[in-house]
**Student:** 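A single structure is presented below for examination.
Residue numbers start from 1 in every chain, and the chains themselves are labelled A, B, ... in the order their sequence lines are given, proteins ahead of strands.
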Amino acid sequence: MSSSDLGNFISRVTDQYSRDPLQLINVLREVQDRYSHVPSEAMPQVAAALGVSLGRVQGVVEYYSFFHTSPRGQYEILLSDSITDHMLGKQPLMDYLCERLGVSVGETRADGRVSVGNASCTGMCDQGPAGLVNGYTVTRLNKERVDEMVELIDAGKPLSEWPAAYFQVEDNIRREDALLGTALEDGAALRAVLDRGEEAVLGEIVRSGLRGLGGAGFKTGIKWSLCRETHSTERYVVCNADEGEPGTFKDRVLLNRDADRVFEGMTLCARVIGAQRGYLYLRSEYRYMLEALETVLQRRRAAELLGENILGVPGFSFDIEIHLGAGAYMCGEESALIESLEGKRGVARVRPPFPVTHGFVNKPTVVNNVETFVCAALIAERGGDWFAAMGTEQSKGTKLLSVSGDCARPGIYEYPFGVTMRQVLADCGADNALAVQVAGAAGHCFPESEFDRRIAYEDVATGGSFMVFNRDRDMLDMARNFAHFFAYESCGFCTPCRVGTSLMKNLMDKVYAGHGTEADLEEMRNLGSVMQETSQCGLGSTAPNAILDTLDKFSDVYQRRLKSTAFEPAFDLDGALEEARQLTGREDSAAHL
Amino acid sequence: MSEQSSVRLDGQGTAAEAVSDEVARSEEASILLDGQKVPFSEGQTIMDAAMAAGTYIPHLCHNPEFKPHGSCRVCTVTVNGRTAAACTMPAQNDQVVETSTEALQTERRRLLQMLFVEGNHVCPACEASGNCQLQAVAYYVGMLSPHYNHFYPQRPVDASHPDFFIDFNRCILCELCVRASRDMDGKDLFAISGRGINSRLVVNSPSGRLGDTDFHTGDKAAHVCPVGAILFKHQGYDKPIGERLYDRQPISEVGDARAAEQGDQSNE
Amino acid sequence: MSEKAKVATASLAGCFGCHMSLLDIDERLLDLIQVVEFDRMPLTDIKRVGRCDVGIIEGGVANAENVEVLRDFREHCKVLVAMGACAINGGIPAMRNQFELADCLTEAYVDGVGVDNPMIPNDPEIPLLLNKVHPIHEVVNVDYFLPGCPPAADAIWTFLNELLTGQPIALPYTQIHYD
Ligand SMILES: Cc1cc2nc3c(=O)[nH]c(=O)nc-3n(C[C@H](O)[C@H](O)[C@H](O)COP(=O)(O)O)c2cc1C
Ligand code: SF4
Ligand code: SF4
Ligand code: SF4
Ligand code: FES
């Protein structure tokens, strides 16, 4: 890479993005793609071209997992570290891959050909072990496939010449209900709002009782009304397709199968709140869908369903841009997502004010989950009562569950709210279940005694992740996997989560290694409580959930690893002498502890 | 009272409006802070109201001259029974706020302990000792040891600037210098990089060194660090032990180090 | 008190400053020995700690011997006290944690100024260094912490008084400091 080459490239790319500082992440992605990292010389040039500070560029590069400051291999292979991928044999496969390639995790081979690493859950839990090769999803990995991949890599075959089967992603829809089973003609929701007026359709949304399906369950009608009522000449619609919660993959299926309805819901929202512009924030792990989604947008523009004067109505103008993430679970949190859309580090904002009044570029913004927009589109056409007739008192309609783990038929299951966990387990063929972890790493863990509880906001709330663990599993593996996940994904803004997640991870490792004591468990409970009570956002406050739940409900998995002593050192004493032993060549008895 | 409010009019609205506003507020708007009625005005946070009333709520990343930030979480209080950061939580009429409970002091103590083990705080070798807000808040919440296991991160000291050095070992990521340099000095000399436990303060120059910036004694950012991370080179240990700001009285009585420093300067 | 309380003290990776401060309680030492009998302590020449009521540790844990002594104290003392900044967070000696152990040793014994027989000492009599210096609570369970560098004589006095008479430990504000 010559410096003039780099300079030319950066000026071309920044020009392409109109030197708009909001596009910083997109610019950096192009640099990363081309040079397999963001060279330090590139940062001042990008900063100058976009008119932002160097510190801001550096801060962004070092924040997102998929940006690197040192070169990666020509092929970068990341394996999903989700507990569900582990249950499908990720670790032995990783070991095998590394052995075959002659490289270790986190490193680039000396010849620069290949590097291997881990990625947080890639959203392929029903078809793992999965991973990413140069950012593109590969599924159902096994030894044979690894052998083939190693050959392709050694032969230097470009990804475009790899067998398509590697990249095949299945929808695996196992149960359809109102959402998946109801057809919606393109433009039907938009015609409904044009016929009946925004007020009336908003009324239907309110009447439907629809609550956000991304997990938090905020009433969609209220959100849209608040945004609509906030005085502004500019408003935005954002669809949250970050889907980073381990074990969730239903938004991926909706976008693959139903992108039209997602965009229809966004356009409907735009009409109701008065927005001209929308963004689909697509997690980088779903990059393989980008082209297909762009095609759908193109088709909708051609069909007058998007763009200027939609359906021929003067002044009804709205368009959607797809914005790729860059590897950060945190960016699923709506205010961090907006920061990321603005080309910044994905750090949660102080709330209030909320995005409905101060969102993207500080303008009123509705952020909704993919599934929520599909529901809204259906409600616009079918009416609020149709929707409200399904589900429970406080949870209307249906819910898509992403079922994975130990069951015969992992995939997408749609049920009216109120379904029991036991029913879901029976349907997915989990006949030996020890526990279900609902709502992902941030969610809660339920042993068999609680399987009759219901999926609904009034009982067990979830954005859709439903992971099954059978009786052969060790629940500590799950809790520890999540502890690592949160320590890795904490944005680092606030004290309890930045430090607490790492302390928790270290304690989990200590217990796992058989060096824990009752005092360490007590420490975990205390840490968990501080994190829950004082964290700035949902990441930190939910991070200890799985640990606290398993301590409570599966205490034996901790107890059987504990030392009987009251106290164990924080570190391996004898191991801490190893360096000195090497330096002095000593092996006498005093050289050990 | 009404005279005062008419003095404060700066051409907005009529005096009568202001007066009636004021009356309405004093009648309605107050929170109950540890059982005491504390008035507030529109737009104030719980921290603002408490500060105005002279009630101390521990804080590190908050400095009333800056927009609330909400990152240290040391100001956590309960509002109608639920925890919230006092510095970012808008005051609302009739909120029941508690700050001095044993449970909150315990939580704060744990947060302080996290900050201590996260960096490398060797108080006996630190020029800020005795005038350091981290230390003072730790005293206030009764912290006798850092309790947790230390991370002992390897962090540099930047002594490249003729007048200042930055000891990153002591940075608590409050972003006050970031905010001051960006929002008040218009220089944008600092930023946060990394993520999670690897978050760190960086200097905004191609070399990453403070000496290669136009950082200056006159900058606001040179006077906001609540701890011993950004220090003036030509002074230090200028007050004997026993006479330093927090030696005799707790921070709840003598206030923030940097505010006290400004008070000193304006007296001179 | 019918029987005197047995107290032992040790300095690990510290500078004896805390012990000096302990002696600084001056004539109150005479009051102290009315109620206290000293076991192992730098003044007594007792080599190994016996059964004690209170063990007081100055200094952090920097080498294998520190670990042995500390464990011995923990085993023999009903109550273990971390006295001073180094015992509590590693203190000044922990500033070496910023460097790799190899670099520290090379600098001291190989590359350093005035080294005439450059080699890293490997005599079995010399305790091996841990790769990092740690506070004592990371190695054994600690019951009380008495901060300060050193803790003021008054603080030590208040602390011992309250501890030995079974009162809750409550040091006045001016007696708590980390430096
Ligand atoms: C750490 C964190 C991660 C989140 N990730 C997602 C996500 O991936 N997708 C999502 O829709 N909502 C996610 N949320 C919830 C969003 O903040 C927000 O509530 C949601 O997008 C609103 O849409 P809804 O009302 O339609 O559910 C996350 C929240 C937190 C705290
Ligand atoms: S809770 Fe965690 S993710 Fe959320 S703001 Fe704090 S550090 Fe960031
Ligand atoms: S910054 Fe404060 S707490 Fe940290 S070493 Fe200096 S005096 Fe101690
Ligand atoms: S250097 Fe000081 S002011 Fe700046 S972030 Fe660190 S602690 Fe805060
Ligand atoms: S003072 Fe409120 S969070 Fe720091």
**Student:** Chain B heavy atoms under 4.5 Å from C:H137: which part of the residue, side chain, backbone, both or neither?
**Tutor:**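 The side chain, not the backbone.
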**Student:** Which atoms of C:F99 come close to chain B, meaning under 4.5 Å heavy atom to heavy atom: side chain ones, backbone ones, both, or neither?
**Tutor:** backbone
**Student:** Among C:L146, C:I92, C:V142, C:I176, which has the most heavy-atom pairs under 4.5 Å with chain B?
**Tutor:**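 With the most close heavy-atom pairs to chain B, the winner is C:I176.
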**Student:** Where does B:Y140 contact chain C at under 4.5 Å (heavy atoms): side chain, backbone, both or neither?
**Tutor:**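 Interface part for B:Y140: neither.
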**Student:** With a 4.5 angstrom heavy-atom cut-off, is it the side chain or the backbone of B:N149 that approaches chain C, or both, or neither?
**Tutor:** both
**Student:** What part of C:V133 lies closer than 4.5 angstrom to a heavy atom of chain B: side chain, backbone, both or neither?
**Tutor:**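 For C:V133, the contact with chain B is made by the backbone alone.
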**Student:** Hey, are the side chains of B:R170 and B:R155 touching, using non-hydrogen atoms and a 4.5 Å cut-off?
**Tutor:**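 The answer is no; the side chains never approach within 4.5 Å.
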**Student:** Please determine, by modelled atom types, if B:Q113 and B:R110 share a side-chain donor-acceptor pair under 3.5 angstrom.
**Tutor:**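 The answer is no; no qualifying pair exists.
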**Student:** Examine whether an atom of C:P135 lies under 4.5 Å from a heavy atom of chain B, and if so say whether it belongs to the side chain, the backbone or both; otherwise answer neither.
**Tutor:**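 Interface part for C:P135: both.
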**Student:** Looking at every heavy atom in both C:P93 and C:C86, which two are closest together, and how far apart are they?
**Tutor:** CD-SG, 3.6 Å
**Student:** Between B:R244 and C:D179, is there a side-chain N and carboxylate O pair less than 4.0 Å apart?
**Tutor:** yes
**Student:** Assess whether a salt bridge exists between C:R74 and C:D72, defined as any Lys/Arg side-chain N lying under 4.0 Å from an Asp/Glu carboxylate O.
**Tutor:**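 No, no charged N to carboxylate O under 4.0 Å.
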**Student:** Using a cut-off of under 4.5 Å on heavy-atom pairs, state which of B:S129, B:G142, B:A125 scores highest against chain C.
**Tutor:**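 Ranked by contacts with chain C, first place is B:S129.
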**Student:** Would you please say whether a donor-acceptor pair under 3.5 Å links the side chains of B:T99 and B:R108?
**Tutor:**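 Their side chains do contain a donor-acceptor pair, which is all the 3.5 Å distance test asks for.
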**Student:** Given heavy-atom pairs under 4.5 angstrom as the criterion, report whether the side chain, backbone, both or neither of B:A136 touches chain C.
**Tutor:**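 Neither; nothing under 4.5 Å.
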**Student:** Please examine the side chains of C:F159 and C:F145, heavy atoms only from C-beta on, and report whether any two atoms are closer than 4.5 Å.
**Tutor:**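 Not in contact.
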